[in-house]
Amino acid sequence: MPSAIEIAQAKRIKLFNANGQNAKIVETEYNNAHAYAQRNLGTEGKVINLYQYFQNLNYQDDPVIDRVIINQITQMSGYELRNNAAYKDNKLRLKIGFLYNRLYSIDYYDRYGFLDRTDYYDQGCLSFTDFYEDKGRLVLTQYYNDNSKPIILMHYRGGEGNSPILTLIQLYYRDVWHNFDSITAFRAYFFDELAQNDLKAVFFADRSERTLYEFQQMRQIVPRYLIFHSSVTVDGQRNGRLFGMYESISDMLNQGSLNGLISSTNQEADDVANIFKTNHSYAIPVTYASDNIKPVSFANRMPYNLIAVARLSEEKRLDHIIRAVIKLKPKYPQLNLTFYGYEQSTTDKVTGPSLHNLVIQNHAQNYIHFAGFLNNLDNVYNNAWLEILTSKYEGFAMALLEAQEHGCPAVAYNVNYGPKEIITDNYTGKLVQAGNEVQLVQTLDALLSHPAILADYSKNAYSVVRKYSFSNVANAWHNFELRENLVN
């Protein structure tokens, strides 16, 4: 289930390849679903994962090996296997878990019923183990190499509320044990290792919270650039308060641990240049429009079908769309709205349930729906009359570009950044005063009552979106590399 960032990275690989350059995606988190994710994104052989890099496991494609492992463990221990669990003297001693139809985990319980450890498997290989103390708190995670020897040890101690806190990381590499006091230091070492093995390496950071501090601790001198996927300020305004993670950018630019900044829109690139007082701020679209989209006649779209493609988070202001559709439903009985996006994030567990409750309280379940995350939205865009965006701020609004490339008209709040550069007002869609719910309702009403205008917008969108063609975006990257002396 990739976010817009992972999709953008996968597409960027193709852009760099078109410019004759080899590019790879670097992952800093362990990814149990790496095989599944890479198949979906088409990034097989294009990903370097921190843990896989040091583990060098010999993955097994044949799931038969999983059953062999389970049988060996249960038979050697004299356990009785029943429905993915194993027992001894009728006491639970093993619990077996699967992910994507492969062996994923085995929980080990002692004779008193305490969970002692969990072994995690990755495509037929024992990958890592979590060890627990008697209160169930994590105390150690160890990752294995292909000989089942521990080569990464992560030590934890009890913090507030008895929650585990990572206090030490040990890595056995090149016949030496290396010690790191933080995950940041460990990642920085990994980045240095990659840079040391590629004298022409250039790093682009898409996840600033997992890369900026690491860039500061790197010892290798390589070009490093930060790509903004959202606004740099908390309110999307040039004079707004910076997000905390960006406060060190000016110092990093001055110190040379950051060489430049890349935004998806011209407006944000200009604002970023002023905020951080740099001449190395560039505008390169975060993605490109597909060249092989087959136009769909507006007459073949589902009448009064509205969509909003966004995760259910507070800054998307999706409640504005819900209230607007509820007000318009009596006038347009066929009106239908569907949200496509992640239901709940790790940082916002409130917005999703509150949006569902808003729909229920207004008895709107029959015409306002939550479809969750979908890997492919081509048919969704091709069947929609309108895509609506009501965010407080954006970095680009990839969903707007996807809608426009499929000839789906759009209505969006005129926020920073993205809508005004993607939508041509009164030609491919409508821009609404940011946060103005009254104007949003009026705009939707005017368009829904004039389908012929929407049909024109749809036709126009197919042609206007060509400015985001693959070749144009590839040229933007090439021009950036020339200006930064990254290529001859």
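Judged purely by distance below 3.5 Å, without hydrogens or angles, the side chains of Thr211 and Glu214 never pair a donor atom with an acceptor atom. Under the 3.5 Å distance criterion, with hydrogens and angles disregarded, no donor-acceptor pair is assigned to the side chains of Asn259 and His280. Residues Ser182 and Tyr213 bring no donor and acceptor atom of their side chains to less than 3.5 Å of each other.
Under the 30°/60° scheme for interplanar angles, the aromatic rings of Tyr53 and Phe190 are found to stand perpendicular. Ring planes of Phe186 and Phe180: tilted class, angle from 30 to 60°.
Residues Asn383 and Asn305 approach most closely at O-ND2, 3.2 Å, considering heavy atoms.
The number of heavy-atom neighbours closer than 6.0 Å to CG of Asn300, taken from other residues, nucleotides and ligands shown, is above 12.
Between Arg301 and Ser458 the shortest side-chain heavy-atom distance falls below 4.5 Å. At least one side-chain heavy atom of Ser248 sits less than 4.5 Å from a side-chain heavy atom of Gln216. Between Met154 and Tyr143, some side-chain heavy-atom pair lies under the 4.5 Å cut-off. A heavy-atom distance below 4.5 Å is found between the side chains of Ile106 and Tyr121.
Between atom CD1 of residue Ile422 and atom CD of residue Glu394 there is a gap of 8.5 Å, rounded to the nearest 0.5 Å. Here the CG atom belonging to Asp270 is positioned 8.5 Å from the OG1 atom belonging to Thr265, to the nearest 0.5 angstrom. Atoms CD1 and CD1, from Ile70 and Ile96 in turn, are 4.5 Å apart once rounded to the nearest 0.5 Å. For the atom pair Leu312 CG and Tyr342 OH, the distance stands at 12.0 Å (nearest 0.5 Å). Between atom CD1 of residue Ile423 and atom CG of residue Leu431 there is a gap of 5.0 Å, rounded to the nearest 0.5 Å. Note that CD of Glu29 is 5.0 Å distant from CZ of Arg187, once rounded to the nearest 0.5 Å.
Taking 4.0 Å as the cut-off between side-chain N and carboxylate O, Arg117 and Asp119 count as a salt-bridged pair. For Asp271 and Arg238, the salt-bridge test passes: some basic side-chain N is under 4.0 Å from an acidic carboxylate O. The pair Glu27-Arg207 does not meet the salt-bridge criterion, since no charged nitrogen lies less than 4.0 angstrom from a carboxylate oxygen.
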Can you give the donor-acceptor pairs under 3.5 Å from side chains of residues 400-412 to other protein atoms, not counting sequence neighbours?
{"unit_1": "Glu402", "atom_1": "OE1", "unit_2": "Tyr381", "atom_2": "OH", "d": "2.7"}
{"unit_1": "Gln404", "atom_1": "OE1", "unit_2": "Thr428", "atom_2": "OG1", "d": "2.7"}
{"unit_1": "Gln404", "atom_1": "NE2", "unit_2": "Cys408", "atom_2": "O", "d": "3.3"}
{"unit_1": "Gln404", "atom_1": "NE2", "unit_2": "Thr428", "atom_2": "O", "d": "3.2"}
{"unit_1": "Glu405", "atom_1": "OE1", "unit_2": "Ser290", "atom_2": "N", "d": "2.6"}
{"unit_1": "His406", "atom_1": "ND1", "unit_2": "Glu402", "atom_2": "O", "d": "2.8"}
{"unit_1": "His406", "atom_1": "NE2", "unit_2": "Asp378", "atom_2": "OD1", "d": "3.1"}

With side-chain hydrogen bond (donor to acceptor under 3.5 Å, both in side chains) as the criterion, how do Tyr144 and Gln142 come out once you've worked through the C-alpha distance, each side chain's angles and the decisive distance to 0.1 Å? CA-CA 7 Å; Tyr144 306 99; Gln142 60 182 25; 2.9 Å; yes
Going through the distances and angles, do Asp348 and Arg311 end up as a salt bridge (charged side-chain N to carboxylate O under 4.0 Å, His left out)? CA-CA 10 Å; Asp348 184 352; Arg311 64 184 180 275; over 6 Å; no
Go through the steps for Tyr246 and Phe228 under the test ring pair (Phe, Tyr, Trp, His ring centres under 6.0 Å), then give the verdict. CA-CA 10 Å; Tyr246 299 141; Phe228 295 112; 5.2 Å; yes
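For an aromatic pair to be called close, the ring centres must be under 6.0 Å apart, and Tyr468 with Phe396 satisfies this. Between His34 and Tyr51, the ring centre distance reaches or exceeds 6.0 Å.
Of the listed residues (Phe204, Tyr282, Tyr225, Tyr288), just one forms a ring pair (Phe, Tyr, Trp, His ring centres under 6.0 Å) with Trp477, and that residue is Phe204.
Applying the salt bridge (Lys or Arg N to Asp or Glu O under 4.0 Å) criterion to Glu247, with sequence neighbours excluded, gives no partner residue. For Glu44, the side-chain contact (heavy atoms from CB on, under 4.5 Å) criterion is met by Gln38, Arg39, not counting sequence neighbours.
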